[in-house]
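Keep in mind that the numbers below use all heavy atoms, side chains included, and drop hydrogens, waters and symmetry copies. Please read these numbers as outputs of a predicted model, since none were measured by experiment. We count ligands from 1, going down the list as the structure has it; atoms in each ligand are counted the same way.
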Amino acid sequence: MTLLDVDALSVEFRTRRSLGRRDVVAAVRDVSFQIAPGETLGLVGESGSGKSTIGRAVLHLLRPRSGTITFSGRDLTAIRGRLPAELRRAIQAVFQDPYSSLDPTKVIADLVAEPLVTHLGLGRSERRERAAHALERVGLERRHLERYPYELSGGQRQRVCIARALLSEPSLMVLDEPVSALDVSTQSQVINLLADVQADSGVGYLFIAHDLTVVRHLSHRIAALYRGRVVEDGGAARVADQPAHPYTQALVASVPVPDPVVQTRRRELRRRLLAAAPQRAAEPADGCPFAPRCSYAFEPCWSTFPVATPVVGGGHVRCHLYDQTATTPQPIATGLGMEASLTSLEP
Ligand SMILES: Nc1ncnc2c1ncn2[C@@H]1O[C@H](COP(=O)(O)OP(=O)(O)OP(=O)(O)O)[C@@H](O)[C@H]1O
Ligand SMILES: [Mg+2]
């Protein structure tokens, strides 16, 4: 059975404007995806693309304008107010900044054991034992129980947040940029930990990040979000190595690589993918939201939003470059680290 089924989710924010006018921000538009037990869906996109809004909707922290979120067969959007306790336990979250998620006045033992107090009402020594066990599970030690958050490194603090979430034995975790604040080597340690936890427990992840390389290592599938819309999805390797949508290609090309030759090529590629000046000022109402920035934009892009077209190698892309070319569309730039990548972009 599907663990999480998000269907046609749309979220709007109303912001107050001067003169009594109200502005509506369509933060998430018609987004659908599924996560199976033990599976990771990576959600990537630039800042403001709507990633956290989707995460918050799944966590029942905001009411969508439309669409449904079904978790283990239960329609969460039909539930008014707080989720019942068993659902709050089953869906846990880890956020970017572990420092602000941890009360600085409490020792780790109490922070980790918090869910045991609120959910299970266990006694003190039992809580301590379980907290110690949870710390060991995330690669920390019993001696860390008496430490305060400021005495730990960023990576250790994030491990504490993960330990705390695990104590509720969740079947789904929303990971909103869990490693973005960490240095690169700590990032891969925490990613490895999350992979181990998943292999042990079968937890599903909604893994949110702006960096595609970070997402790729943990994800089974990836969805790329632009201005609240999924413009491409597919298996993690296909999306990361052979991105089809010009926007996803730009995301891949913006990941720094150590090889200076490849790096120069990627910078050039990115420059070509993204129009230097917007071709038209405003995003078209019914067209592709990426059109104003896209070097490939042509007439259909300004009038109709592309349908989801299957991509060779799996998944879908919403881009008119593909629905024009019959049944077997090819990514327009393949192998971004390779020789061919720039020549294939020549008009
Ligand atoms: N509470 C809010 N009120 C009004 N607008 C909001 C609110 N939360 C988010 N938005 C808007 O919704 C859009 C999506 O925001 P969101 O935080 O989901 O993006 P994000 O992809 O998580 O970005 P980042 O990578 O910076 O975290 C943005 O335009 C943002 O300004
Ligand atoms: Mg965010």
Side-chain angles (χ1 to χ4, degrees), residues 4 6 8-18 20-33 35 40-67 69 76-77 91-101 154 158 161 165 172-182 187 190-191 194 205-216 218-219 221-233 239 245 247-248 250-256 274 278 281-285 288-290 292-293 318:
L4 180 72
V6 172
L9 180 73
S10 293
V11 180
E12 282 182 354
F13 293 109
R14 274 158 217 288
T15 51
R16 233 170 262 284
R17 266 281 192 84
S18 56
R21 258 193 55 217
R22 273 167 173 272
D23 245 13
V24 176
V25 180
V28 175
R29 299 188 269 185
D30 193 26
V31 164
S32 300
F33 60 85
I35 299 178
T40 301
L41 175 75
L43 200 54
V44 289
E46 326 172 294
S47 185
S49 55
K51 306 180 296 294
S52 297
T53 303
I54 292 173
R56 291 178 62 215
V58 170
L59 290 164
H60 210 66
L61 298 174
L62 52 81
R63 266 198 86 70
R65 181 188 131 85
S66 57
I69 299 171
L76 302 188
T77 41
I91 310 174
Q92 291 287 313
V94 174
F95 297 102
Q96 172 167 358
D97 179 6
Y99 204 64
S100 66
S101 333
Q158 201 54 297
C161 293
L172 176 70
M173 280 168 72
V174 175
L175 308 169
D176 191 347
E177 309 251 10
V179 300
S180 303
L182 307 175
Q187 276 188 352
V190 172
I191 297 269
L194 289 167
Y205 291 145
L206 174 60
F207 185 84
I208 293 170
H210 55 267
D211 182 338
L212 224 146
T213 44
V214 165
V215 167
R216 188 221 165 120
L218 196 61
S219 302
R221 288 179 302 119
I222 292 176
L225 206 62
Y226 184 75
R227 295 277 220 139
R229 292 195 192 261
V230 173
V231 295
E232 177 165 4
D233 63 34
V239 174
H245 198 284
Y247 170 64
T248 323
L251 284 180
V252 173
S254 67
V255 171
L274 300 178
E283 179 187 317
C288 172
F290 191 60
R293 288 172 65 192
R318 285 181 180 270

Exercise. Mind checking whether E177 contacts ligand 1 via backbone (N, CA, C, O), side chain (CB onward), both or neither, at a 4.0 Å heavy-atom cut-off?
Key: side chain
Quiz item: Given K51, E12, R227, which one has a non-hydrogen atom that is nearest to atom 25 (O) of ligand 1?
Solution: K51
Self-check item: Ligand-residue contact atoms, ligand 1 with T15, heavy atoms, under 4.0 Å
Solution: 4 (C)
Quiz item: Among protein heavy atoms, which sits nearest to atom 17 (O) of ligand 1, and what does the distance come to when rounded to 0.1 Å?
Solution: S52 CB, 3.9 Å
Self-check item: CD1 on I91 to CG on L76, rounded to 0.5 Å
Solution: 5.0 Å
Exercise. Return the residue, atom name and 0.1 Å-rounded distance of the protein heavy atom closest to atom 9 (C) of ligand 1.
Key: F13 CE1, 3.4 Å
Practice problem: Please round to the nearest 0.5 Å and tell me the distance separating atom CG of L175 and atom CG of L206. | Solution: 7.5 Å
Self-check item: Top protein contact for atom 15 (O) of ligand 1, by heavy-atom distance
Solution: T53 OG1, 3.7 Å
Exercise. Determine, step by step, whether Y205 and L194 satisfy the side-chain contact (heavy atoms from CB on, under 4.5 Å) criterion, reporting the C-alpha distance in whole Å, the side-chain angles of both residues, the deciding distance to 0.1 Å, and the verdict.
Key: CA-CA 9 Å; Y205 291 145; L194 289 167; 3.8 Å; yes
Exercise. Calculate, to the nearest 0.5 Å, the distance between atoms CZ and OG1 belonging to R65 and T77 respectively.
Key: 14.5 Å
Quiz item: Has S52 got an N/O/S atom less than 2.8 Å from the Mg ion (ligand 2)?
Solution: yes
Quiz prompt | H245 ring center within less than 6.0 Å of Y226 ring center | solution = no
Quiz item: Rounded to the nearest 0.5 Å, what separation is found between the CD1 atom of I191 and the CZ atom of F207?
Solution: 4.0 Å
Quiz prompt | Closest to atom 26 (O) of ligand 1 among S47, A27, A209 (heavy-atom distance) | solution = S47
Quiz item: Rounded to the nearest 0.5 Å, how far does CZ of R56 lie from CG of L62?
Solution: 5.0 Å
Quiz item: What are the atoms of ligand 1, with element, lying closer than 4.0 Å to any heavy atom of S49?
Solution: 19 (O), 21 (O)
Quiz item: Just to confirm, does any protein heavy atom lie below 4.0 Å from atom 30 (C) of ligand 1?
Solution: no
Exercise. Output the distance between atom NZ (K51) and atom CD1 (I208), rounded to the nearest 0.5 Å.
Key: 8.0 Å
Exercise. Would you kindly specify which portion of D176 sits under 4.0 Å from ligand 1, judged on non-hydrogen atoms: side chain, backbone, both or neither?
Key: neither
Quiz item: Quick one: does G48 get a heavy atom under 4.0 Å from ligand 1?
Solution: yes
Quiz item: Are E46 and ligand 1 in contact, using a heavy-atom cut-off of under 4.0 Å?
Solution: yes
Practice problem: List the steps and the verdict of side-chain contact (heavy atoms from CB on, under 4.5 Å) for L172 and V58. | Solution: CA-CA 10 Å; L172 176 70; V58 170; 3.9 Å; yes
